[in-house]
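Numbers restart at 1 for each chain; the letters A, B, ... are given by sequence-line order, proteins then strands.
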There are 2 protein chains.
Amino acid sequence: MLADALSTKEKLMRAAVEIVAEDGFAAATTAAIAARAGVAEGTLYRHFAGKDELMIAAYRQLKSDIFAASTDTYDESAPFEARLAHLWRAVIDAYRRDRAGFRFGQRFGESALSAKEGGAAHEAMTGALTRLRDDARARGEVKDLPMELFIALFYAPAIALLKRELSGREWTDAELAKAAQAIWHSWRA
Amino acid sequence: MLADALSTKEKLMRAAVEIVAEDGFAAATTAAIAARAGVAEGTLYRHFAGKDELMIAAYRQLKSDIFAASTDTYDESAPFEARLAHLWRAVIDAYRRDRAGFRFGQRFGESALSAKEGGAAHEAMTGALTRLRDDARARGEVKDLPMELFIALFYAPAIALLKRELSGREWTDAELAKAAQAIWHSWRA
DNA sequence: GTCTATATTTGGATAGAC
DNA sequence: GTCTATCCAAATATAGAC
């Protein structure tokens, strides 16, 4: 059962996130969610129009948390490679702080519900990445590629590494630093 | 309704793949699958022990199709960058030939069923990639990284690009060639 | 706002005729 | 092997008391 410090609404969202993370969407019935939140099933409908709305609300909440956690300020006057490494590691760390949330996000993204919700989970950080690319481009230090491709080269391996961590593999700081460097090499002109 | 050339068993698997691809796992009820396959619901149970087994069988089928399609022979004496580019493009093309299958695979991979099934979808091609890494490593042309990291740098962007194609973006041959080159740069020492 | 009890629907699976 | 008809369990959602 979830901590009393949370509001009932928050407890319900957190319960949904954890059940989906552990056992998938099929296991996240209204009965299971209410039970884990420690409230009655009927109570769910006082806070959300239905199960889908609860899931979507939980996803939005998660997205904004990750956004807040991964966009700390950093030194924009540092060398480009260091800027990329900082941002990349910040993303890894933000997701690492809430692995259930990460897993929920992955599953939600592949569910039919995500169509209702709209964009990918990454829009938030795209701004910082675009600035980095533009700055580096002005100096001729990065390739001439569509921004979408830079984004894919940046995020996709991060997500893949985080997924591996869900099944046991733990990446060391040194390995992550090398990975960030490899990604910079993929960007570099 | 699916073509008569397929066996009933194949029609059921294909129907499941298409429904999951279009509308997600929640929409893939036994009734919906049977209807799309053009058979009665009860018939499903003459071919599969239950819905989960049908889904798992469909996934295994898909995996072996992709394996067959993406491991054509190629010139192992070519330069390393060309070998990587060839393999990378082969993966893209294999998935492009069956987009519904690709989408099903992504969704299946995030479902709770995938735990029963076991490994990731990529094991198949890992052999060719490992050989490439080892050959290039012997000449000092690639970084010193865990194989898992090479795999992530290779596959993750390919999957990300394919996902974008599901929502409309079409990558040109030139863009894909540049992407393959960027990935080689991430591998390169 | 929350609980208990319940209505309603739908889903997975089986039985038995053909 | 396939169909029709049906059972049973489970899931979403609501009603009404506290």
Beyond-backbone contact of A:Trp171 with A:Lys178, side-chain heavy atoms, under 4.5 angstrom
no

Summarise protein proximity over nucleotides 12-18 of chain D in one line of letters, 5' to 3': B for base, S for sugar-phosphate only, - for none, counting protein heavy atoms closer than 4.0 Å.
BBB-B--

Taking the side chain as everything from C-beta on, heavy atoms only, tell me whether A:Tyr155 gets closer than 4.5 Å to A:Val91.
yes

Between C1' of D:dA11 and CD1 of A:Ile19, the distance in whole Å
14 Å

Nearest-angstrom distance from the residue atom CZ of B:Phe48 to P of D:dT2:
11 Å

Please give, in whole Å, the distance from C:dT2 P to A:Lys9 NZ?
12 Å

Step through the shown structure and confirm whether more than 12 heavy atoms of other residues, nucleotides or ligands are within 6.0 Å of NZ on B:Lys143.
yes

How long is the line joining NE2 of B:His47 and C1' of D:dC3, in whole Å?
12 Å

Roughly, in whole Å, what's the span from CD1 in B:Ile33 to P in C:dA13?
10 Å

Would you say the side chain of B:Leu176 lies within less than 4.5 Å of the side chain of B:Trp88, judging by non-hydrogen atoms?
yes

Nearest-Å distance for atom pair CG/P, residues B:Leu12 and D:dC3
10 Å

On the nucleotide C:dC3, are OP1 or OP2 found under 4.0 Å from the side-chain N or O atoms that A:Thr43 carries?
yes

List the steps, then state whether side-chain contact (heavy atoms from CB on, under 4.5 Å) holds for A:Phe80 with A:Val142.
CA-CA 9 Å; A:Phe80 300 124; A:Val142 292; over 6 Å; no

In Å, rounded to the nearest 0.5 Å, how long is the span from NE2 of B:His47 to CG of B:Leu12?
6.5 Å

Could you state the atom-to-atom distance from NZ of B:Lys11 to P of D:dC3 in whole Å?
9 Å

